[in-house]
Each structure stands twice: as structure tokens, then as C-alpha cells.
J.: 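Below are the C-alpha cells for one structure; questions will follow.
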Amino acid sequence: MDNLFEDLISEGRIFANKEVLRSTHVPEKLPHRNEQIKDLADILSAALKGETPSNILIYGKTGTGKTSTVKYVSNELEEMAQKRGINCSLLYLNSEVFDTQYRVFAYLARFFNKRVPMLGWPADMIYSEFKNGIDTKERSVIVTLDEVDKLAIKGEEALYNLSRINSELKNSRVSLIGISNDLTFTDLLDPRVKSSLGEEEIIFPPYNAEQLRDILYERAAKAFNDDAIDDAVIPLCAAFAASEHGDARRALDLLRVSGEIAERSGSKKVCEEHVRLASGKLEVNKVTEVVKTLPLQSKIVLSGLLVLSKESQKKQFSSGEVYNMYRKLCGHLGMDALTQRRVTDFISELDILGLVNAVIVNKGRYGRTKEVSLSVPEESVQSVLLEDYKLKAISSIKVRAQVTL
DNA sequence: CCTCCACCGGAACGTGAGGAGT
DNA sequence: ACTCCTCACGTTCCGGTGGAGG
């Protein structure tokens with residue numbers, strides 16, 4: 001081999017265009033979303049007639065095509081508006097990033113060529129800058145707020161202002177599209193905001209296995225070379241994803257990772273076996289991701305359990321044992337240990353996250369405890385825990401434990 | 001049948017950080 | 001710059017509990 005990367009860059013036999021399988025890719029066709037597309041287009045078409053489209057709330061779990069559908073319809077609308085010479089702007093912002101009133105309006109004002117700093121101004125000043133920017137001429141503006149539920153917590157004011165902005169504008173009109181995966185989030189809202197935001201509602205149901213299959217076929221045709229996938233692959237990916245929540249994003253990830261595994265193993269075709277490997281890999285990734293984002297104390301508790309199960313043959317431990325080990329580790333790390341009460345809460349949280357299994361057991365004379373056991377493979381947590389530099393010191397304890405065994 | 005273990009988990013409270021209002 | 005509020009995180013206190021062993 002001449003170069004280390006020679007093999008790796010030569011366009012694989014398997015993928016034709018991997019990007020098509022990314023969840024950020026907006027496809028040209030959205031199978032099984034015709035109804036939603038039509039509803040959305042119906043409502044938004046008002047903008048082309050010089051009217052103000054109703055505000056829309058879109059509900060649906062992750063991977064049900066909400067964002068893709070909105071982006072798709074937005075593109076179509078923008079194209080048509082341009083053709084007809086209608087002034088129509090479509091803005092998309094993710095409320096996870098723009099999660100306060102200030103950030104939202106600063107972004108919007110900037111879009112309309114107003115120079116505003118990202119912080120420092122009073123919120124109402126930003127708001128009026130945005131109004132000035134937008135109202136310079138006759139136009140229709142449609143603002144899509146993805147993950148509005150995030151905004152509802154910290155930036156309800158922004159929703160309130162946006163929903164009643166039209167009464168303060170002379171030339172332009174603003175409509176809102178809110179996307180949420182939490183069906184109950186409007187309960188948190190001021191009733192006035194709630195009614196104005198939800199003038200129209202569109203629900204995106206989860207996909208079933210059959211529909212996922214159609215989606216995958218659609219994308220696979222572009223993503224893979226001819227004959228690069230076995231017949232069983234797509235139905236299998238669809239079945240895996242459907243057994244969770246009908247999440248198309250997950251189905252696509254699964255298909256992409258399967259392809260990557262097949263490519264790396266030098267196989268000419270993606271086979272069933274690759275899908276199973278991919279499924280396992282994604283599972284591990286999920287665990288890794290969860291463990292990585294755990295607060296430090298929680299990580300120490302988990303480490304305690306890990307050390308215990310490495311040290312002894314037992315798999316289950318009373319919360320007392322876990323707590324004692326936790327204290328030991330804290331001592332080792334030079335940290336103050338929290339109270340047992342707090343640690344029981346951590347254990348419960350770990351239980352909810354599915355990293356740990358905790359059951360309350362009565363041992364009569366010998367009290368009553370939670371029996372805690374690790375519910376994921378030891379190795380999959382250990383490596384992630386040791387990545388935390390603060391936890392490095394624990395590895396020396398493990399060495400000692402192994403020596404004494 | 002009673003006791004009593006070893007912990008569960010609710011309630012009230014303290015504290016510091018960060019935002020909003022003024 | 002100032003206070004006021006809210007919130008997350010912890011602590012202290014404590015009543016509650018199912019069943020092995022007396």
C-alpha cells in the first residue's frame with residue numbers, strides 16, 4: 001500500500017452518496033407525509049395571496065419528519081414566491097440554540113439587516129429594532145421555531161411578542177410555525193399565547209415498519225450503489241427502528257452505520273449481519289453518550305458500583321455497600337462525599353436512565369434495601385468513566401483490587 | 001405476634017448562581 | 001448597580017416498611 005489513506009478514500013463500492021442518509025438532509029420526496037404536506041401548504045399558501053397565514057403548531061415525536069416536512073414546504077413556497085415576485089421570507093431557527101427572547105429577536109433583527117449586538121441591549125429595544133427592520137416594506141414573513149418547547153421555558157415572552165406582533169406592523173405580516181415533540185408543552189403557556197400560537201395544529205404520527213421501509217428504499221436508492229445492499233437489509237433496519245418509536249432518524253442511522261461497517265470490513269454488499277453489528281454499536285453509543293453527560297457525583301456513584309462488581313463475584317449490591325464504596329472513592333479523589341440521602345437519589349436517576357437496575361428488597365431481620373446492579377456491560381461504562389480526568393485516580397484503586405483478589 | 005434491621009423517600013430548609021426588573 | 005426571584009443542588013430530620021427471627 002502506498003499511502004495509509006489510499007484504501008480509505010477511494011470511493012467505496014458501497015456508498016454512492018452517504019450524505020443522503022444524514023438526518024439533516026432534506027429529501028425531495030417525503031413518503032407517507034402527503035397529508036401533512038398538504039395541510040401545511042394549504043395554510044401557508046395564504047402568504048402567496050397577500051394574506052396572513054394562520055400560526056401553526058406541529059406535534060410529533062423525534063424522527064417523524066416534522067423538520068424535514070417544514071423545510072421542504074418552505075423551499076417550495078419560497079420558490080413559488082420568487083417566481084411570482086412576491087416578497088416572502090422564510091426563517092428557520094432552532095429554539096434549543098435561540099432559547100431566550102433576546103437571542104431570538106437579535107437573530108431575527110440581524111436577518112433584516114439591523115446591526116444589533118448579541119448581548120447588552122434591553123430586550124424591548126431589540127424587539128423594536130426587529131419590528132423596524134421587518135416593516136420597511138410590504139412582505140410576508142414566516143418564522144419557524146423548531147423545538148419551541150425549549151423556548152416556552154426561558155423565552156415565553158418572545159412567543160407572546162411574536163404572536164401579537166402583527167397588530168404593531170403596518171406593511172408586513174408575520175406568521176409562526178412552532179415545532180414541538182412534547183404534546184403537553186402548551187400547558188406551560190399563557191392561555192393567550194396558547195390560543196394564538198395554535199390556530200392550526202398538525203400532528204405527525206410515528207411511522208410503522210412498513211412506512212419506514214418505504215423511506216429507507218427511497219433514500220437507499222440514492223445513497224448506495226446498485227446491488228450494494230442485500231434484500232433483507234432494509235426491512236431489518238425498518239423493523240429495528242419501528243420496534244422503538246418509529247423513529248426515521250434512527251432507521252437512517254442504522255442503515256448508514258451498517259453500510260459503514262460493511263465498507264470497512266471490505267464486504268461488497270451490506271448484509272443482515274452488518275445491520276446487527278450496527279444495532280449493537282448504536283446501542284453502545286447511546287450508553288456512552290448518557291454516561292458522558294452524567295454529573296460528576298453521579299459518575300462516582302456509578303464507578304463505585306463498577307468497582308464493586310469487579311471486585312467480587314456478586315452482581316447485586318445493597319445501597320449501603322454502594323454508598324460505602326462511593327465514600328471510599330471520594331476519599332481517594334480528595335472530594336467531600338455527599339449524604340446517603342442524596343446518593344439514593346442518584347441511584348434512582350441512574351435507574352431511570354437504564355444504566356442501573358434497582359429493586360427494593362426486604363430482608364426481614366436484616367433490613368430493607370435497594371438492590372443495585374449494573375444493567376449495561378461493564379466495559380462499556382468503564383472506558384467512558386475513565387475518560388473523565390477527575391476519575392483517573394480511580395483506576396489505581398482497581399489495580400489494587402485486582403492484586404488482592 | 002411482636003420487634004427491629006437498614007434503609008427508603010417525603011418535607012422543609014439552606015445556599016449560591018443566574019435572570020429579570022428597576 | 002441594585003434588589004428580588006427562581007431554580008438546582010444538598011442537607012437534616014424523620015416517619016414508614018416487610019419480613020426473619022425471637
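Computed from a predicted structure; not experimentally measured. Below, chains carry the letters A, B, ... as their sequence lines are ordered, and counting in each starts from 1.
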J.: side-chain contact (heavy atoms from CB on, under 4.5 Å), that's the test. Do A/Lys66 and A/Lys61 meet it? Break it down for me.
T.: CA-CA 9 Å; A/Lys66 304 180 297 289; A/Lys61 296 220 170 115; 5.7 Å; no

J.: How many Å lie between CG on A/Leu294 and P on C/dC9, as a whole number?
T.: 12 Å

J.: I want to check something: taking the side chain as every heavy atom from C-beta on, are A/Phe112 and A/Leu91 in contact at a cut-off of under 4.5 Å?
T.: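 In contact.
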
J.: If we only count heavy atoms from C-beta on, is the A/Val174 to A/Leu169 side-chain gap below 4.5 Å?
T.: yes

J.: Give a yes or no answer on whether the side chain of A/Asn357 reaches the backbone of A/Ser375 with a donor-acceptor pair at less than 3.5 Å.
T.: no

J.: Could you state the atom-to-atom distance from OH of A/Tyr326 to C1' of B/dC7 in whole Å?
T.: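 That distance rounds to 17 Å.
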
J.: Can you give one letter per nucleotide of nucleotides 9-16 of chain B, 5' to 3': B if a protein heavy atom sits under 4.0 Å from the base, S if only from the sugar-phosphate, - if neither?
T.: BB------

J.: If each of A/Arg368 and A/Lys363 is mapped to the nucleotide of DNA chain C with the nearest heavy atom, which maps nearer the 5' terminus, i.e. the 5' end?
T.: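 The 5'-side residue here is A/Arg368.
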
J.: Output the rounded distance in Å from CD (A/Gln340) to P (C/dG10).
T.: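 A/Gln340 atom CD is separated from C/dG10 atom P by 16 Å.
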
J.: Select from A/Arg365 and A/Thr369 the residue whose nearest nucleotide in DNA chain B is closer to the 5' end of that strand.
T.: A/Arg365

J.: Between atom CG in A/Asn161 and atom P in B/dA20, what is the gap in whole Å?
T.: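 For the pair A/Asn161 CG and B/dA20 P, the rounded distance is 13 Å.
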
J.: Out of C/dT12, C/dC9, C/dG18, which has the shortest distance to the side chain of A/Arg342?
T.: C/dC9

J.: Measure the shortest side-chain to side-chain distance between A/Asn94 and A/Glu147 over non-hydrogen atoms and say whether it is less than 4.5 angstrom.
T.: yes

J.: Examine the side chains of A/Arg368 and A/Asn362 and answer whether a donor and an acceptor come within less than 3.5 Å of each other.
T.: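 Yes, A/Asn362 and A/Arg368 have a side-chain donor paired with an acceptor closer than 3.5 Å.
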
J.: Which whole-number value in Å describes the distance from A/Tyr366 OH to B/dA6 C1'?
T.: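 About 13 Å, once rounded to whole Å.
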
J.: Quick one: label A/Phe346 by what it contacts on the DNA or RNA (base, sugar-phosphate, nothing), any heavy atom closer than 4.0 Å.
T.: sugar-phosphate

